[in-house]
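A quick write-up on the structure given underneath.
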Amino acid sequence: MTGTLLSINGLTKAYPGVVANDNVSFEIGEGEVHALLGENGAGKSTLVKMIYGLVKPDRGTMQLRGDAYAPAEPSAARAAGVAMVFQHFSLFEALNVAENVALGMENPPGMRDLAARIREVSEMYGLPLDPDRIVGDLSAGERQRVEIIRCLLQDPKLLIMDEPTSVLTPQEVDILFETLRKLSAEGTAILYISHKLEEIRTLCDNATILRLGQVVGDCVPRDTTARDMAEMMVGSSLLVPERAGGTVGPVLLKINDLSVASPSAFGTSLKNISLEVRAGEILGLGGVAGNGQDELLAALSGEIPTAPGAVELDGKPIGGLGPVARRRLGLLTAPEERLGHAAAPDMSLIENALLTGSVREGLENRGFLKWGKAKSFAEAIIERFDVRTPGPDNAARSLSGGNLQKFVIGREVMQRPEVLVVNQPTWGVDAAAAAAIRQALLDLAAGGAAVVVISQDLDELMEISDHFGALNEGRLSDIRLAKDLSVDEIGLMMGGAHGMEVAHV
Amino acid sequence: MDLSSINPILLLASLIVAATPLLLAAIGELVVEKAGVLNLGVEGMMITGAICGFAIAVNTGSPVVGLIAAAGGGAVLSLLFALLTQFAMANQVASGLSLTLFGLGLSALIGQDYQGVKPPAFPKGDIPILSDIPVLGPILFSQDFVVYMAFFLTLGVWAMLKYSRAGLILRAVGENHDAAHALGYKVVRIRVLAILFGGACAGLGGAYISLIRVPQWTEGMTAGIGWIALALVVFASWKPWRVLLGACLFGGVSVLQLNLQAAGVAIPVEYLAMSPYLITILVLVIMSADRSRAPASLGKGFHAGS
């Protein structure tokens with residue numbers, strides 16, 4: 001480490017009603033891998049958007065190699081040598097790889113030269129990519145390679161990575177880290193945003209921790225325990241979910257050789273999936289996003305009808321039934337997408353509670369709604385799951401992601417399901433709320449329900465599952481006892497490295 | 001019935017004249033939709049262009065100034081749409097529909113004094129040498145310059161979308177405006193420019209009808225061409241050459257059915273009159289079976305803060 005690359009002094013940014021960043025200061029050295037750590041809503045995204053020129057700070061200054069640095073727009077940031085790999089929203093599915101890369105560059109060469117450069121650089125760093133493929137056809141890991149290559153082609157001095165590993169298998173993470181270490185050794189500084197503490201401990205030289213928009217501390221991750229960092233992030237000690245250890249009963253949910261085509265053009269079809277879940281058991285299904293998780297949930301919820309015998313509930317074939325009939329029988333589901341799939345964004349929490357709860361909670365009578373009963377049901381969910389909202393009349397859209405997630409999971413748990421299937425139950429939820437949701441799922445299983453948790457968070461799956469399986473390209477791996485599995489084995493179940501190699505530089 | 005009265009060369013030459021206004025309007029709308037905006041006001045912008053062009057041409061005596069005024073009139077009307085949808089975040093479908101109704105009313109108001117007036121004649125653009133080629137000459141090379149302009153506009157739009165960086169950025173904005181914004185492209189500015197281009201093209205198309213094809217002013221004279229242009233863009237799968245093909249097909253059937261009516265074919269006139277719409281849509285539906293996708297952000301509002 002030779003000197004300071006970027007220094008940030010007193011950056012402040014306020015939005016109506018919330019101060020996203022309050023007087024944030026820290027420094028990143030040349031070639032340093034610097035972690036920015038914090039919970040959802042701590043202000044990490046706003047901070048990096050200011051560094052990348054997407055958001056203008058209200059107050060405060062930045063210096064890049066000693067010169068004043070105040071990018072008015074991302075192209076100015078790119079020109080100054082700052083590149084960013086986004087968590088979401090930065091690829092164009094209908095365009096090909098080379099076009100996507102060209103869009104993120106200031107002065108891209110001609111398409112033919114660019115394609116050759118993409119091949120060259122992607123192979124050099126062990127991230128092979130075909131420049132002519134349409135991005136919509138790529139896996140999540142491959143899409144991320146597109147973003148990384150787009151940045152690398154501009155020889156950045158500072159590479160910002162926003163939660164880059166959330167879509168990767170453990171093997172892919174290892175290879176990504178190799179690439180990042182090589183880059184760092186070549187003198188590129190990396191600002192690495194994550195809330196995965198073990199990753200930060202293996203990769204990063206220094207960490208700055210944000211909470212509620214303020215810097216609450218910094219540390220050297222190698223010398224700090226994950227627990228200490230977590231407590232700095234959260235600001236209080238963490239409750240670890242506890243398992244009551246109930247007894248396992250008969251098979252409640254059974255899938256027999258299920259194959260369905262995906263309804264979406266860029267989706268993944270399910271191929272020959274079979275599994276069993278017993279009462280009192282939690283089955284965790286891992287896998288990188290886009291490997292059939294959404295389709296499996298849809299086949300279980302009844303959104304995609306299947307052959308009657310392909311899905312059995314308590315021994316009865318239900319594959320041909322729709323969602324309402326399945327709910328009546330006790331199979332409840334909570335999909336991944338909160339706004340628009342699990343909840344109707346512009347409807348109130350009462351109406352949203354009615355939408356899935358009317359059958360089992362008796363919230364309607366011959367087609368007429370029982371508003372009073374629906375309201376008390378919604379209030380009960382809010383009460384038990386500590387949903388922070390002024391009241392049940394508020395629109396689902398007005399809740400923060402974590403609060404809405406507690407509501408949609410709570411809504412299903414409160415209906416006393418025989419079988420509950422959830423997809424990404426704690427995605428984008430802060431640590432305390434995630435622990436509460438996991439605890440609710442464990443309690444449900446302890447009470448004799450069968451629970452299927454589909455998630456990309458391996459730590460979560462290891463914490464709560466009894467059995468573990470992984471989805472890879474629409475196929476399900478063997479299902480194994482969770483406590484016997486090592487991280488390497490899990491990675492292989494998820495499909496290994498998907499053709500990635502260690503960087504050749 | 002006397003089919004021999006139909007002169008195939010004249011038929012093909014007038015096919016191109018009938019196709020041009022549709023082509024102009026549709027190619028403009030194609031650019032707008034590629035940028036992710038659905039402007040249903042094409043008909044209103046066309047008829048506004050038709051009367052603006054007509055009035056200015058009559059008053060200045062210059063049809064070329066009239067055409068420029070038509071493009072300007074269409075663009076100004078589309079600016080209203082741009083203000084509503086890009087800055088006031090109004091719904092695009094409702095804004096587009098009201099733009100059409102507004103344009104129809106506005107043009108009728110402006111046009112009150114121009115009923116029955118004859119506009120200055122538009123010069124023919126015979127291309128030397130080429131126009132002397134038998135058969136092809138009178139069909140392709142003896143048209144007015146707006147026809148050539150419409151063709152080169154199609155060529156230009158195709159090349160811009162496929163090969164230029166500006167075209168790539170335009171498509172990117174239409175495909176995923178959040179990503180384009182994150183990469184630092186000015187989504188709203190690009191969309192406003194696309195909307196203005198679409199408005200100018202529609203205005204030109206309208207003036208082509210009132211100044212060259214008909215040429216006179218009648219209320220509501222665009223007669224649904226704007227709606228056909230909208231349908232054409234969709235059924236042509238947002239591809240410029242298919243728009244050209246569809247416009248020629250529509251123009252061809254329109255001209256043919258008029259000729260057939262004149263020749264006294266024993267088919268009720270109503271069937272003949274509906275045939276261009278029916279056949280164009282049918283052919284394009286079959287062609288669009290390759291499931292090309294619409295721009296993914298088409299019709300969705302964008303707000304930088306969200």
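Reminder, nothing fancy here: chain letters follow the sequence lines and each chain counts from 1.
- Of all residues in residues 71-97 of chain B, none places a non-hydrogen atom less than 4.5 angstrom from a non-hydrogen atom of chain A.
- Scanning all heavy atoms of the two residues, the minimum distance from Ala172(B) to Phe92(A) falls at O-CE2, 3.1 Å.
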Show me the donor-acceptor pairs, under 3.5 Å and distance only, between side chains in residues 191-205 of chain B and residues at least two apart or in other chains.
residue: Arg191(B); atom: NE; partner: Ala35(B); partner atom: O; Å: 2.8
residue: Arg191(B); atom: NH1; partner: His177(B); partner atom: ND1; Å: 3.3
residue: Arg191(B); atom: NH2; partner: Ala35(B); partner atom: O; Å: 3.4
residue: Arg191(B); atom: NH2; partner: Val173(B); partner atom: O; Å: 3.2
residue: Arg191(B); atom: NH2; partner: His177(B); partner atom: ND1; Å: 3.2

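- Asp132(A) is linked by a salt bridge (charged side-chain N to carboxylate O under 4.0 Å, His left out) to nothing, counting only residues two or more places apart in sequence or in another chain.
- Shortest non-hydrogen contact noted between Arg165(B) and Ala102(A) is NH1-O, 2.9 Å.
- Residues Glu93(A) and Glu175(B) come closest through the heavy atom pair N-CG, 4.4 Å.
- Between the side chain of Asn176(B) and the main chain of Leu91(A), a donor-acceptor pair closer than 3.5 Å is present.
- In this structure, Tyr277(B) places its OH atom where more than 12 heavy-atom neighbours from other residues, nucleotides or ligands lie under 6.0 Å away.
- A donor-acceptor contact shorter than 3.5 Å links the side chain of Tyr185(B) to the backbone of Leu103(A).
- Considering only residues two or more places apart in sequence or on other chains, Glu99(A) meets the salt bridge (charged side-chain N to carboxylate O under 4.0 Å, His left out) condition with Arg171(B).
- Between Leu183(B) and Pro74(A), the shortest heavy-atom distance links the atoms O-CB, 3.7 Å.
- Your options are Leu95(A), Asn100(A), Val55(A), Leu54(A), and the one with the most heavy-atom pairs under 4.5 Å with chain B is Leu54(A).
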